[in-house]
Number of protein chains: 2
Amino acid sequence: MNNHDTHVGGPDLAALAVLLADGTRADFCLALLDGRAWTATELARHAGVAASTATGHLNLLVSGGLLTQERQGRHRYVRLADPDTAELIEKIASMAPRRADPPRSLPAANRSRALARARTCYDHLAGALGVAITEAMTDRGLLDWEQGLTLTSDGTAWLAELGIALPPAARRPPVRSCLDWTERRPHLAGAVGAALCRHAFDAGWITRIGTNRAVALTDAGERALKDRLGLAVQPQTPVS
Amino acid sequence: MNNHDTHVGGPDLAALAVLLADGTRADFCLALLDGRAWTATELARHAGVAASTATGHLNLLVSGGLLTQERQGRHRYVRLADPDTAELIEKIASMAPRRADPPRSLPAANRSRALARARTCYDHLAGALGVAITEAMTDRGLLDWEQGLTLTSDGTAWLAELGIALPPAARRPPVRSCLDWTERRPHLAGAVGAALCRHAFDAGWITRIGTNRAVALTDAGERALKDRLGLAVQPQTPVS
DNA sequence: GGGACGCTTCGACGGGGGCCGAAGGATCGC
DNA sequence: GCGATCCTTCGGCCCCCGTCGAAGCGTCCC
(Lines give C-alpha, C1' and ligand atoms only; values in the text may rest on other atoms or scores of the structure.)
Protein backbone atom coordinates (compact mmCIF):
# COMPACT_ATOMS: atom_id res chain seq x y z
CA MET A 1 0.00 0.00 0.00
CA ASN A 2 0.82 3.61 0.02
CA ASN A 3 2.22 5.86 2.67
CA HIS A 4 0.61 9.16 1.90
CA ASP A 5 2.65 11.85 3.56
CA THR A 6 0.37 14.68 2.55
CA HIS A 7 -1.15 17.54 4.43
CA VAL A 8 -4.16 16.89 6.57
CA GLY A 9 -7.37 17.14 4.62
CA GLY A 10 -5.67 17.72 1.30
CA PRO A 11 -7.53 16.85 -1.84
CA ASP A 12 -7.61 13.19 -2.71
CA LEU A 13 -6.73 13.65 -6.35
CA ALA A 14 -6.34 9.95 -7.01
CA ALA A 15 -9.76 9.05 -5.66
CA LEU A 16 -11.38 11.22 -8.27
CA ALA A 17 -9.01 10.33 -11.08
CA VAL A 18 -9.54 6.61 -10.54
CA LEU A 19 -13.14 7.04 -11.55
CA LEU A 20 -12.10 8.28 -14.98
CA ALA A 21 -9.09 6.00 -15.31
CA ASP A 22 -11.00 3.13 -16.81
CA GLY A 23 -11.81 3.01 -20.50
CA THR A 24 -15.39 1.96 -20.01
CA ARG A 25 -16.15 4.57 -17.37
CA ALA A 26 -14.48 7.20 -19.51
CA ASP A 27 -16.69 6.15 -22.41
CA PHE A 28 -19.73 6.56 -20.21
CA CYS A 29 -18.73 10.06 -19.18
CA LEU A 30 -17.90 11.12 -22.71
CA ALA A 31 -21.29 9.86 -23.86
CA LEU A 32 -23.02 11.67 -21.02
CA LEU A 33 -21.37 14.88 -22.14
CA ASP A 34 -24.37 15.29 -24.39
CA GLY A 35 -26.11 16.50 -21.26
CA ARG A 36 -28.91 13.98 -21.39
CA ALA A 37 -29.85 11.08 -19.17
CA TRP A 38 -28.92 7.64 -20.46
CA THR A 39 -30.14 4.30 -19.24
CA ALA A 40 -27.70 1.72 -17.97
CA THR A 41 -28.36 -0.56 -20.92
CA GLU A 42 -27.81 2.20 -23.45
CA LEU A 43 -24.45 2.99 -21.92
CA ALA A 44 -23.52 -0.69 -21.75
CA ARG A 45 -24.25 -1.18 -25.43
CA HIS A 46 -22.50 2.06 -26.29
CA ALA A 47 -19.34 0.94 -24.55
CA GLY A 48 -19.66 -2.67 -25.61
CA VAL A 49 -19.74 -4.29 -22.18
CA ALA A 50 -22.14 -6.59 -20.37
CA ALA A 51 -25.00 -5.08 -18.41
CA SER A 52 -23.58 -6.39 -15.17
CA THR A 53 -20.32 -4.65 -15.88
CA ALA A 54 -22.12 -1.39 -16.52
CA THR A 55 -23.95 -1.69 -13.22
CA GLY A 56 -20.70 -1.87 -11.35
CA HIS A 57 -19.23 1.12 -13.13
CA LEU A 58 -22.33 3.21 -12.63
CA ASN A 59 -22.33 2.43 -8.93
CA LEU A 60 -18.80 3.75 -8.70
CA LEU A 61 -19.50 6.88 -10.69
CA VAL A 62 -22.65 7.70 -8.77
CA SER A 63 -21.15 7.11 -5.35
CA GLY A 64 -18.16 9.13 -6.46
CA GLY A 65 -20.40 12.09 -7.12
CA LEU A 66 -19.74 12.36 -10.83
CA LEU A 67 -23.17 11.11 -11.82
CA THR A 68 -26.66 11.41 -10.42
CA GLN A 69 -29.27 8.78 -11.01
CA GLU A 70 -33.00 8.59 -11.15
CA ARG A 71 -35.02 5.40 -11.10
CA GLN A 72 -38.08 5.21 -13.24
CA GLY A 73 -39.79 1.89 -13.13
CA ARG A 74 -37.34 -0.66 -14.35
CA HIS A 75 -35.06 1.96 -15.85
CA ARG A 76 -32.01 3.52 -14.30
CA TYR A 77 -31.31 6.91 -15.74
CA VAL A 78 -27.96 8.54 -15.08
CA ARG A 79 -26.63 11.94 -16.04
CA LEU A 80 -23.64 14.08 -15.17
CA ALA A 81 -24.02 15.51 -11.70
CA ASP A 82 -23.68 19.20 -12.61
CA PRO A 83 -22.07 21.65 -15.03
CA ASP A 84 -18.92 21.65 -12.93
CA THR A 85 -18.51 17.96 -13.54
CA ALA A 86 -19.05 18.47 -17.25
CA GLU A 87 -16.37 21.13 -17.27
CA LEU A 88 -14.01 18.79 -15.49
CA ILE A 89 -14.52 16.11 -18.10
CA GLU A 90 -14.24 18.60 -20.93
CA LYS A 91 -11.00 19.88 -19.49
CA ILE A 92 -9.48 16.44 -19.19
CA ALA A 93 -10.76 15.46 -22.62
CA SER A 94 -9.23 18.55 -24.17
CA MET A 95 -5.81 17.63 -22.82
CA ALA A 96 -6.01 13.89 -23.34
CA PRO A 97 -4.23 12.23 -26.25
CA ARG A 98 -6.35 11.25 -29.23
CA ARG A 99 -7.42 7.70 -29.55
CA ALA A 100 -5.80 5.86 -32.44
CA ASP A 101 -8.90 3.93 -33.29
CA PRO A 102 -9.23 2.09 -36.58
CA PRO A 103 -12.40 3.26 -38.34
CA ARG A 104 -14.89 0.56 -37.51
CA SER A 105 -17.91 0.51 -39.71
CA LEU A 106 -19.51 2.74 -42.27
CA PRO A 107 -22.40 3.91 -40.08
CA ALA A 108 -19.92 4.63 -37.33
CA ALA A 109 -17.85 6.70 -39.73
CA ASN A 110 -20.96 8.53 -40.90
CA ARG A 111 -22.05 9.28 -37.41
CA SER A 112 -18.55 10.46 -36.73
CA ARG A 113 -18.73 12.91 -39.62
CA ALA A 114 -22.08 14.12 -38.37
CA LEU A 115 -20.52 14.56 -34.94
CA ALA A 116 -17.72 16.64 -36.38
CA ARG A 117 -20.21 18.89 -38.15
CA ALA A 118 -22.47 19.69 -35.24
CA ARG A 119 -23.02 18.18 -31.84
CA THR A 120 -23.82 19.04 -28.27
CA CYS A 121 -21.05 19.20 -25.72
CA TYR A 122 -22.76 18.70 -22.41
CA ASP A 123 -25.25 21.56 -22.68
CA HIS A 124 -23.83 23.76 -25.41
CA LEU A 125 -23.05 23.52 -29.11
CA ALA A 126 -19.81 22.08 -30.47
CA GLY A 127 -18.38 20.81 -33.70
CA ALA A 128 -17.86 22.90 -36.80
CA LEU A 129 -21.22 24.58 -36.23
CA GLY A 130 -20.45 25.51 -32.64
CA VAL A 131 -17.08 26.92 -33.61
CA ALA A 132 -18.56 28.83 -36.57
CA ILE A 133 -21.19 30.45 -34.38
CA THR A 134 -18.61 31.37 -31.79
CA GLU A 135 -16.35 32.95 -34.39
CA ALA A 136 -19.24 34.80 -36.03
CA MET A 137 -20.21 36.19 -32.63
CA THR A 138 -16.64 37.31 -32.14
CA ASP A 139 -16.51 38.97 -35.56
CA ARG A 140 -19.67 40.88 -34.79
CA GLY A 141 -18.28 42.12 -31.50
CA LEU A 142 -20.60 40.07 -29.33
CA LEU A 143 -17.74 38.27 -27.66
CA ASP A 144 -14.44 39.67 -26.50
CA TRP A 145 -11.33 37.52 -26.13
CA GLU A 146 -8.96 40.29 -25.14
CA GLN A 147 -8.82 39.31 -21.53
CA GLY A 148 -10.26 35.93 -21.01
CA LEU A 149 -13.59 35.45 -22.70
CA THR A 150 -16.30 38.00 -21.96
CA LEU A 151 -19.67 38.94 -23.32
CA THR A 152 -19.83 42.51 -24.62
CA SER A 153 -22.79 44.82 -24.12
CA ASP A 154 -23.63 44.23 -27.76
CA GLY A 155 -23.62 40.56 -26.97
CA THR A 156 -26.04 41.05 -24.11
CA ALA A 157 -28.34 43.04 -26.39
CA TRP A 158 -28.10 40.39 -29.10
CA LEU A 159 -29.12 37.71 -26.63
CA ALA A 160 -32.00 39.84 -25.41
CA GLU A 161 -33.26 40.12 -28.99
CA LEU A 162 -33.46 36.36 -29.04
CA GLY A 163 -35.35 36.43 -25.80
CA ILE A 164 -32.42 35.10 -23.78
CA ALA A 165 -31.91 36.90 -20.49
CA LEU A 166 -28.46 36.91 -18.94
CA PRO A 167 -28.66 34.55 -16.00
CA PRO A 168 -27.88 36.14 -12.65
CA ALA A 169 -24.22 35.98 -11.65
CA ALA A 170 -23.78 32.51 -10.25
CA ARG A 171 -20.77 30.35 -9.55
CA ARG A 172 -20.87 29.24 -13.12
CA PRO A 173 -19.30 31.83 -15.45
CA PRO A 174 -21.72 33.22 -18.04
CA VAL A 175 -19.32 32.70 -20.89
CA ARG A 176 -16.55 30.17 -21.00
CA SER A 177 -14.45 28.80 -23.78
CA CYS A 178 -14.32 25.08 -24.37
CA LEU A 179 -11.72 23.56 -26.65
CA ASP A 180 -13.33 21.66 -29.47
CA TRP A 181 -11.70 18.26 -29.99
CA THR A 182 -12.57 17.98 -33.66
CA GLU A 183 -11.94 21.59 -34.67
CA ARG A 184 -9.11 22.26 -32.24
CA ARG A 185 -10.54 25.72 -31.81
CA PRO A 186 -12.63 27.06 -28.93
CA HIS A 187 -16.39 27.21 -28.91
CA LEU A 188 -18.77 29.00 -26.58
CA ALA A 189 -19.68 27.28 -23.32
CA GLY A 190 -20.80 28.47 -19.91
CA ALA A 191 -24.30 29.56 -18.95
CA VAL A 192 -24.73 31.65 -22.11
CA GLY A 193 -23.54 28.80 -24.30
CA ALA A 194 -26.11 26.56 -22.65
CA ALA A 195 -28.91 29.10 -23.02
CA LEU A 196 -28.06 29.64 -26.66
CA CYS A 197 -28.09 25.92 -27.32
CA ARG A 198 -31.43 25.53 -25.57
CA HIS A 199 -32.81 28.36 -27.69
CA ALA A 200 -31.53 26.71 -30.85
CA PHE A 201 -33.48 23.57 -30.01
CA ASP A 202 -36.59 25.46 -28.93
CA ALA A 203 -36.61 27.64 -32.01
CA GLY A 204 -36.13 24.65 -34.27
CA TRP A 205 -32.73 25.74 -35.56
CA ILE A 206 -31.29 22.31 -34.87
CA THR A 207 -32.60 18.82 -34.23
CA ARG A 208 -31.07 15.69 -32.77
CA ILE A 209 -29.80 12.98 -35.07
CA GLY A 210 -30.69 9.62 -33.64
CA THR A 211 -29.96 9.11 -29.98
CA ASN A 212 -26.48 10.49 -29.91
CA ARG A 213 -24.81 13.85 -29.51
CA ALA A 214 -24.94 14.73 -33.16
CA VAL A 215 -27.37 17.44 -34.26
CA ALA A 216 -28.44 18.71 -37.68
CA LEU A 217 -28.97 22.30 -38.72
CA THR A 218 -32.47 22.85 -40.11
CA ASP A 219 -33.49 25.20 -42.90
CA ALA A 220 -34.96 27.49 -40.29
CA GLY A 221 -31.68 27.39 -38.43
CA GLU A 222 -29.74 28.19 -41.54
CA ARG A 223 -31.91 31.25 -42.17
CA ALA A 224 -31.71 32.38 -38.56
CA LEU A 225 -27.91 32.19 -38.50
CA LYS A 226 -27.73 34.16 -41.72
CA ASP A 227 -30.10 36.84 -40.42
CA ARG A 228 -28.76 37.06 -36.92
CA LEU A 229 -25.06 36.55 -37.48
CA GLY A 230 -24.50 36.88 -41.21
CA LEU A 231 -23.28 33.32 -41.03
CA ALA A 232 -23.50 31.16 -44.15
CA VAL A 233 -23.67 27.45 -43.36
CA GLN A 234 -25.27 24.54 -45.14
CA PRO A 235 -28.28 22.92 -43.50
CA GLN A 236 -28.09 19.15 -43.17
CA THR A 237 -30.87 16.74 -43.91
CA PRO A 238 -31.27 14.82 -40.70
CA VAL A 239 -31.02 11.35 -42.21
CA SER A 240 -28.76 8.61 -40.83
CA MET B 1 -10.19 -6.13 -22.33
CA ASN B 2 -12.35 -3.37 -23.52
CA ASN B 3 -14.33 -2.91 -26.66
CA HIS B 4 -14.26 0.82 -27.10
CA ASP B 5 -17.06 1.79 -29.41
CA THR B 6 -16.16 5.43 -29.56
CA HIS B 7 -15.74 7.83 -32.40
CA VAL B 8 -12.58 7.73 -34.40
CA GLY B 9 -9.87 9.86 -32.89
CA GLY B 10 -11.88 10.82 -29.83
CA PRO B 11 -10.06 11.88 -26.72
CA ASP B 12 -8.58 9.06 -24.69
CA LEU B 13 -9.83 10.30 -21.37
CA ALA B 14 -8.75 7.22 -19.49
CA ALA B 15 -5.18 7.35 -20.71
CA LEU B 16 -4.74 10.73 -19.07
CA ALA B 17 -6.76 9.95 -15.97
CA VAL B 18 -4.76 6.80 -15.30
CA LEU B 19 -1.70 8.94 -14.73
CA LEU B 20 -3.38 10.71 -11.84
CA ALA B 21 -5.26 7.69 -10.56
CA ASP B 22 -2.46 6.48 -8.35
CA GLY B 23 -1.95 7.90 -4.89
CA THR B 24 1.78 8.27 -5.26
CA ARG B 25 1.62 9.94 -8.66
CA ALA B 26 -1.11 12.24 -7.39
CA ASP B 27 1.12 13.16 -4.47
CA PHE B 28 3.88 14.01 -6.89
CA CYS B 29 1.65 16.27 -8.94
CA LEU B 30 0.22 18.01 -5.91
CA ALA B 31 3.72 18.68 -4.64
CA LEU B 32 4.80 19.97 -8.03
CA LEU B 33 1.92 22.43 -7.93
CA ASP B 34 4.34 24.71 -6.14
CA GLY B 35 5.68 25.41 -9.60
CA ARG B 36 9.23 24.43 -8.84
CA ALA B 37 11.39 21.59 -10.04
CA TRP B 38 11.85 18.70 -7.65
CA THR B 39 14.39 15.93 -7.80
CA ALA B 40 13.27 12.32 -7.96
CA THR B 41 14.59 11.62 -4.50
CA GLU B 42 12.79 14.58 -2.98
CA LEU B 43 9.52 13.40 -4.43
CA ALA B 44 10.14 9.83 -3.33
CA ARG B 45 10.74 10.91 0.24
CA HIS B 46 7.78 13.28 0.14
CA ALA B 47 5.45 10.47 -0.92
CA GLY B 48 7.13 7.86 1.24
CA VAL B 49 8.09 5.41 -1.47
CA ALA B 50 11.35 3.79 -2.58
CA ALA B 51 13.49 5.58 -5.12
CA SER B 52 12.96 2.83 -7.64
CA THR B 53 9.23 3.24 -7.32
CA ALA B 54 9.53 6.96 -7.92
CA THR B 55 11.55 6.37 -11.05
CA GLY B 56 8.79 4.29 -12.54
CA HIS B 57 6.13 6.85 -11.75
CA LEU B 58 8.15 9.71 -13.11
CA ASN B 59 8.73 7.82 -16.33
CA LEU B 60 4.99 7.46 -16.75
CA LEU B 61 4.23 11.08 -15.94
CA VAL B 62 6.93 12.41 -18.24
CA SER B 63 6.04 10.18 -21.16
CA GLY B 64 2.40 11.05 -20.57
CA GLY B 65 3.23 14.72 -21.09
CA LEU B 66 2.25 15.89 -17.63
CA LEU B 67 5.81 16.52 -16.52
CA THR B 68 8.96 17.72 -18.18
CA GLN B 69 12.37 16.72 -16.96
CA GLU B 70 15.84 18.10 -17.04
CA ARG B 71 18.96 16.17 -16.18
CA GLN B 72 21.70 17.93 -14.32
CA GLY B 73 24.56 15.70 -13.48
CA ARG B 74 23.26 12.92 -11.32
CA HIS B 75 20.03 14.77 -10.59
CA ARG B 76 16.75 14.36 -12.35
CA TYR B 77 14.65 17.49 -12.04
CA VAL B 78 10.98 17.32 -12.95
CA ARG B 79 8.35 20.00 -13.07
CA LEU B 80 4.81 20.36 -14.38
CA ALA B 81 4.85 20.59 -18.14
CA ASP B 82 2.99 23.89 -18.47
CA PRO B 83 0.36 26.15 -16.88
CA ASP B 84 -2.35 24.20 -18.65
CA THR B 85 -1.30 21.08 -16.83
CA ALA B 86 -1.28 22.95 -13.55
CA GLU B 87 -4.79 24.16 -14.21
CA LEU B 88 -5.90 20.64 -14.95
CA ILE B 89 -4.54 19.40 -11.65
CA GLU B 90 -6.01 22.36 -9.79
CA LYS B 91 -9.38 21.69 -11.34
CA ILE B 92 -9.37 18.03 -10.38
CA ALA B 93 -8.06 18.84 -6.92
CA SER B 94 -10.80 21.38 -6.37
CA MET B 95 -13.46 18.79 -7.09
CA ALA B 96 -11.81 15.84 -5.39
CA PRO B 97 -12.98 14.68 -1.99
CA ARG B 98 -10.84 15.69 0.98
CA ARG B 99 -8.47 13.17 2.39
CA ALA B 100 -9.41 11.91 5.85
CA ASP B 101 -5.86 11.77 7.08
CA PRO B 102 -5.09 11.52 10.76
CA PRO B 103 -2.70 14.35 11.75
CA ARG B 104 0.66 12.69 11.71
CA SER B 105 3.28 14.57 13.62
CA LEU B 106 3.71 18.00 15.17
CA PRO B 107 6.02 19.37 12.51
CA ALA B 108 3.62 18.11 9.88
CA ALA B 109 0.76 19.87 11.61
CA ASN B 110 2.80 23.06 11.86
CA ARG B 111 3.71 22.95 8.26
CA SER B 112 0.08 22.35 7.53
CA ARG B 113 -0.91 25.47 9.42
CA ALA B 114 1.74 27.42 7.60
CA LEU B 115 0.36 26.05 4.35
CA ALA B 116 -3.12 27.21 5.22
CA ARG B 117 -1.83 30.72 5.94
CA ALA B 118 0.13 31.30 2.78
CA ARG B 119 1.46 29.07 0.07
CA THR B 120 2.10 28.95 -3.64
CA CYS B 121 -0.34 27.15 -5.87
CA TYR B 122 1.65 26.29 -8.98
CA ASP B 123 2.82 29.81 -9.83
CA HIS B 124 0.45 32.05 -7.90
CA LEU B 125 -0.43 32.77 -4.29
CA ALA B 126 -2.92 30.72 -2.31
CA GLY B 127 -3.97 30.14 1.27
CA ALA B 128 -5.45 32.79 3.52
CA LEU B 129 -2.98 35.35 2.18
CA GLY B 130 -3.82 34.62 -1.45
CA VAL B 131 -7.52 34.84 -0.74
CA ALA B 132 -7.11 38.06 1.28
CA ILE B 133 -5.17 39.74 -1.52
CA THR B 134 -7.73 38.65 -4.07
CA GLU B 135 -10.59 40.01 -1.99
CA ALA B 136 -8.77 43.27 -1.28
CA MET B 137 -8.21 43.69 -5.00
CA THR B 138 -11.90 43.08 -5.57
CA ASP B 139 -12.87 45.63 -2.90
CA ARG B 140 -10.67 48.22 -4.52
CA GLY B 141 -12.24 47.65 -7.90
CA LEU B 142 -9.16 46.08 -9.42
CA LEU B 143 -10.96 42.85 -10.18
CA ASP B 144 -14.46 42.37 -11.48
CA TRP B 145 -16.45 39.18 -10.88
CA GLU B 146 -19.64 40.30 -12.57
CA GLN B 147 -19.17 38.19 -15.61
CA GLY B 148 -16.48 35.68 -15.10
CA LEU B 149 -13.34 37.15 -13.60
CA THR B 150 -11.79 40.13 -15.34
CA LEU B 151 -9.16 42.73 -14.62
CA THR B 152 -10.51 46.29 -14.59
CA SER B 153 -8.65 49.24 -16.08
CA ASP B 154 -7.91 50.30 -12.49
CA GLY B 155 -6.42 46.87 -12.04
CA THR B 156 -4.20 47.28 -15.05
CA ALA B 157 -3.02 50.64 -13.75
CA TRP B 158 -2.38 49.20 -10.30
CA LEU B 159 -0.23 46.47 -11.78
CA ALA B 160 1.65 49.02 -13.88
CA GLU B 161 2.46 50.96 -10.70
CA LEU B 162 4.11 47.82 -9.39
CA GLY B 163 6.03 47.53 -12.62
CA ILE B 164 4.01 44.58 -13.83
CA ALA B 165 3.06 44.85 -17.49
CA LEU B 166 0.01 43.00 -18.69
CA PRO B 167 1.31 40.06 -20.68
CA PRO B 168 0.20 40.01 -24.33
CA ALA B 169 -3.02 38.12 -24.93
CA ALA B 170 -1.96 34.50 -25.09
CA ARG B 171 -3.79 31.23 -24.81
CA ARG B 172 -3.55 31.50 -21.08
CA PRO B 173 -6.15 33.86 -19.63
CA PRO B 174 -4.67 36.88 -17.82
CA VAL B 175 -6.88 36.43 -14.78
CA ARG B 176 -8.43 33.22 -13.66
CA SER B 177 -10.03 32.15 -10.43
CA CYS B 178 -8.70 29.11 -8.62
CA LEU B 179 -10.67 27.55 -5.79
CA ASP B 180 -8.62 27.48 -2.62
CA TRP B 181 -8.83 24.12 -0.89
CA THR B 182 -8.17 25.43 2.59
CA GLU B 183 -10.22 28.61 2.39
CA ARG B 184 -12.92 27.26 0.09
CA ARG B 185 -12.93 30.66 -1.56
CA PRO B 186 -11.36 31.65 -4.87
CA HIS B 187 -7.98 33.27 -5.22
CA LEU B 188 -6.32 34.94 -8.18
CA ALA B 189 -4.60 32.74 -10.74
CA GLY B 190 -3.78 33.05 -14.42
CA ALA B 191 -0.95 35.05 -15.93
CA VAL B 192 -1.57 38.06 -13.69
CA GLY B 193 -1.69 35.88 -10.60
CA ALA B 194 1.64 34.42 -11.59
CA ALA B 195 3.19 37.80 -12.29
CA LEU B 196 1.97 39.16 -8.98
CA CYS B 197 3.40 36.18 -7.14
CA ARG B 198 6.72 36.59 -8.87
CA HIS B 199 6.76 40.25 -7.94
CA ALA B 200 6.00 39.39 -4.33
CA PHE B 201 9.07 37.18 -4.22
CA ASP B 202 11.27 39.65 -6.10
CA ALA B 203 10.24 42.57 -3.92
CA GLY B 204 10.80 40.54 -0.77
CA TRP B 205 7.19 40.59 0.32
CA ILE B 206 7.25 36.88 0.91
CA THR B 207 9.86 34.17 1.39
CA ARG B 208 9.78 30.42 1.16
CA ILE B 209 9.51 28.36 4.33
CA GLY B 210 11.72 25.34 4.00
CA THR B 211 11.53 23.41 0.79
CA ASN B 212 7.81 23.21 0.52
CA ARG B 213 4.96 25.29 -0.84
CA ALA B 214 4.48 27.33 2.31
CA VAL B 215 5.58 30.96 2.26
CA ALA B 216 5.84 33.61 4.97
CA LEU B 217 4.85 37.25 4.72
CA THR B 218 7.76 39.56 5.57
CA ASP B 219 7.60 42.90 7.33
CA ALA B 220 8.22 44.57 3.99
CA GLY B 221 5.37 42.56 2.54
CA GLU B 222 3.07 43.56 5.35
CA ARG B 223 3.82 47.26 4.74
CA ALA B 224 3.44 46.88 1.00
CA LEU B 225 0.04 45.23 1.29
CA LYS B 226 -1.11 47.94 3.67
CA ASP B 227 0.10 50.72 1.37
CA ARG B 228 -1.00 49.22 -1.89
CA LEU B 229 -4.23 47.51 -0.93
CA GLY B 230 -5.13 48.82 2.50
CA LEU B 231 -4.83 45.24 3.63
CA ALA B 232 -4.01 44.53 7.25
CA VAL B 233 -2.35 41.14 7.75
CA GLN B 234 0.17 39.87 10.28
CA PRO B 235 3.66 39.10 9.04
CA GLN B 236 4.99 35.68 10.00
CA THR B 237 8.43 34.94 11.27
CA PRO B 238 9.77 32.35 8.88
CA VAL B 239 10.76 29.80 11.49
CA SER B 240 9.81 26.11 11.35
C1' DG C 1 -51.08 -14.58 -15.66
C1' DG C 2 -47.32 -14.90 -18.53
C1' DG C 3 -43.62 -13.32 -21.12
C1' DA C 4 -40.36 -9.76 -22.17
C1' DC C 5 -37.31 -6.51 -20.47
C1' DG C 6 -34.09 -3.82 -17.37
C1' DC C 7 -31.24 -4.21 -13.81
C1' DT C 8 -28.55 -6.41 -9.96
C1' DT C 9 -25.90 -9.84 -7.33
C1' DC C 10 -22.60 -13.37 -7.19
C1' DG C 11 -18.71 -16.30 -8.19
C1' DA C 12 -14.87 -17.23 -11.04
C1' DC C 13 -11.29 -15.92 -13.96
C1' DG C 14 -7.34 -13.38 -15.67
C1' DG C 15 -4.25 -9.69 -16.14
C1' DG C 16 -2.18 -5.55 -15.02
C1' DG C 17 0.16 -2.66 -11.99
C1' DG C 18 2.28 -0.94 -7.66
C1' DC C 19 5.63 -2.16 -4.27
C1' DC C 20 10.22 -3.39 -2.67
C1' DG C 21 15.25 -4.61 -2.34
C1' DA C 22 19.46 -5.80 -4.56
C1' DA C 23 22.67 -4.68 -7.83
C1' DG C 24 24.81 -1.72 -11.03
C1' DG C 25 25.86 2.66 -13.73
C1' DA C 26 26.75 7.56 -13.56
C1' DT C 27 28.28 11.64 -11.28
C1' DC C 28 30.14 14.50 -7.66
C1' DG C 29 33.30 15.88 -3.94
C1' DC C 30 37.36 15.09 -1.54
C1' DG D 1 41.06 7.16 -7.05
C1' DC D 2 37.46 6.32 -3.55
C1' DG D 3 33.43 6.73 -1.14
C1' DA D 4 28.90 8.93 -1.18
C1' DT D 5 24.94 10.16 -3.64
C1' DC D 6 21.46 9.91 -7.23
C1' DC D 7 19.19 7.29 -10.25
C1' DT D 8 17.88 3.08 -12.94
C1' DT D 9 17.01 -1.78 -14.09
C1' DC D 10 15.45 -6.16 -12.83
C1' DG D 11 13.01 -9.84 -10.59
C1' DG D 12 9.58 -11.27 -7.59
C1' DC D 13 5.55 -10.63 -4.83
C1' DC D 14 0.82 -9.65 -4.20
C1' DC D 15 -3.38 -7.45 -4.49
C1' DC D 16 -6.79 -5.08 -6.91
C1' DC D 17 -9.92 -4.55 -10.57
C1' DG D 18 -12.40 -5.30 -14.85
C1' DT D 19 -14.68 -8.92 -17.25
C1' DC D 20 -18.28 -12.30 -18.04
C1' DG D 21 -22.39 -15.44 -17.53
C1' DA D 22 -25.87 -17.42 -14.71
C1' DA D 23 -29.46 -16.67 -11.73
C1' DG D 24 -32.82 -13.86 -9.62
C1' DC D 25 -35.86 -9.84 -8.74
C1' DG D 26 -38.80 -6.14 -10.03
C1' DT D 27 -41.49 -3.78 -13.64
C1' DC D 28 -44.12 -3.30 -17.74
C1' DC D 29 -47.20 -4.79 -21.31
C1' DC D 30 -50.37 -7.70 -23.48
Side-chain angles (χ1 to χ4, degrees), chain A residues 1-6 12-32 36-64 66-79 211, chain B residues 1-6 12-29 31-32 37-64 66-79 211:
Chain A
M1 263 290 92
N2 228 333
N3 186 11
H4 290 142
D5 175 11
T6 32
D12 195 349
L13 205 50
L16 179 53
V18 158
L19 294 178
L20 300 172
D22 171 78
T24 301
R25 286 194 295 269
D27 270 0
F28 286 5
C29 291
L30 251 12
L32 289 164
R36 297 186 299 161
W38 292 50
T39 67
T41 305
E42 282 170 346
L43 286 172
R45 195 179 34 208
H46 173 82
V49 294
S52 57
T53 304
T55 293
H57 288 309
L58 291 180
N59 288 343
L60 288 177
L61 290 169
V62 168
S63 71
L66 253 32
L67 265 44
T68 57
Q69 61 180 340
E70 205 172 328
R71 309 258 177 184
Q72 272 181 27
R74 54 185 169 181
H75 295 282
R76 177 191 203 176
Y77 286 101
V78 296
R79 60 170 70 239
T211 60
Chain B
M1 262 292 89
N2 230 333
N3 186 10
H4 290 142
D5 176 11
T6 32
D12 196 348
L13 204 50
L16 179 53
V18 157
L19 294 177
L20 300 171
D22 172 78
T24 302
R25 286 195 296 270
D27 271 0
F28 286 6
C29 291
L32 289 164
W38 291 52
T39 67
T41 305
E42 283 169 347
L43 286 172
R45 195 179 30 209
H46 172 82
V49 295
S52 56
T53 304
T55 292
H57 288 309
L58 291 179
N59 288 343
L60 288 176
L61 290 170
V62 168
S63 70
L66 254 32
L67 266 44
T68 57
Q69 60 180 341
E70 206 172 325
R71 310 257 176 186
Q72 273 181 27
R74 53 185 170 180
H75 295 281
R76 177 191 202 176
Y77 286 100
V78 297
R79 59 170 71 240
T211 61

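By convention in this document, chain letters (A, B, ...) are assigned in the order of the sequence lines, proteins followed by strands, and residues within each chain are numbered from 1.
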Would you say Arg25(B) reaches dG17(C)'s phosphate, i.e. side-chain N/O to OP1/OP2 under 4.0 Å?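 Indeed not, no polar side-chain atom of Arg25(B) lies that close.
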
Please state whether the phosphate of dC6(D), meaning OP1 or OP2, lies under 4.0 angstrom from any side-chain nitrogen or oxygen of Thr39(B).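 Negative; the distance criterion is not met.
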
Using atom [atom1] of [X] as one end and atom [atom2] of [N] as the other, report the distance to the nearest whole Å.
X: His57(A); N: dT9(C); atom1: NE2; atom2: P; answer: 15 Å
X: Arg71(B); N: dG25(C); atom1: CZ; atom2: C1'; answer: 13 Å
X: Leu43(B); N: dT8(D); atom1: CG; atom2: P; answer: 12 Å
X: Glu70(B); N: dC6(D); atom1: CD; atom2: P; answer: 18 Å
X: Leu58(B); N: dT9(D); atom1: CG; atom2: P; answer: 12 Å
X: Asn59(B); N: dG18(C); atom1: CG; atom2: P; answer: 12 Å

If you look at every heavy atom in [X] and [Y], which pair is closest and at what distance?
X: Ala26(A); Y: Leu13(B); result: CB-CB, 3.7 Å
X: Ala44(A); Y: Ala50(A); result: CB-O, 4.2 Å
X: Ala47(B); Y: Phe28(B); result: CB-CE1, 3.6 Å

Please list each protein N or O that sits under 3.5 Å from an N or O in nucleotides 22-24 of chain C, with the distance.
none

Among the candidates dG18(C), dC20(C), dG18(D), find the nucleotide nearest to the side-chain atoms of Asp22(A).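 Looking only at heavy atoms from C-beta outward on Asp22(A), the closest nucleotide is dG18(D).
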
Checking all strands, does Ala50(A) fall into the base, sugar-phosphate, or nothing category for heavy-atom contacts under 4.0 angstrom?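 Sugar-phosphate only.
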
In residues 72-79 of chain B, what residues come within less than 4.0 Å of DNA chain C, judged by heavy atoms? Gly73(B), Arg74(B)

Nearest 0.5 Å, please: how far is OH in Tyr77(A) from CZ in Arg36(A)?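 Reported value, rounded in 0.5 Å steps: 11.0 Å.
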
Distance in Å, Leu19(A) CG paired with Leu67(A) CG, rounded so as to fall on 0.5 Å steps: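 Separation between the atoms: 9.5 Å.
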
Closest-nucleotide ordering on DNA chain C, the 5'-leading residue of Leu60(B) and Ala54(A):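 Between the two, 5'-proximity favours Ala54(A).
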
Under the side chain to side chain donor-acceptor pair (under 3.5 Å) rule, what pairs show up with a residue in residues 49-61 of chain B, not counting sequence neighbours?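 Residue pairs passing side chain to side chain donor-acceptor pair (under 3.5 Å), neighbours aside: Arg25(B)-His57(B), Asn59(B)-Arg76(B).
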
[Y] side chain reached by [X] side chain, heavy atoms, under 4.5 Å:
X: Leu66(A); Y: Leu32(A); value: no
X: Val49(A); Y: Asp27(A); value: no
X: Leu61(B); Y: Val78(B); value: no

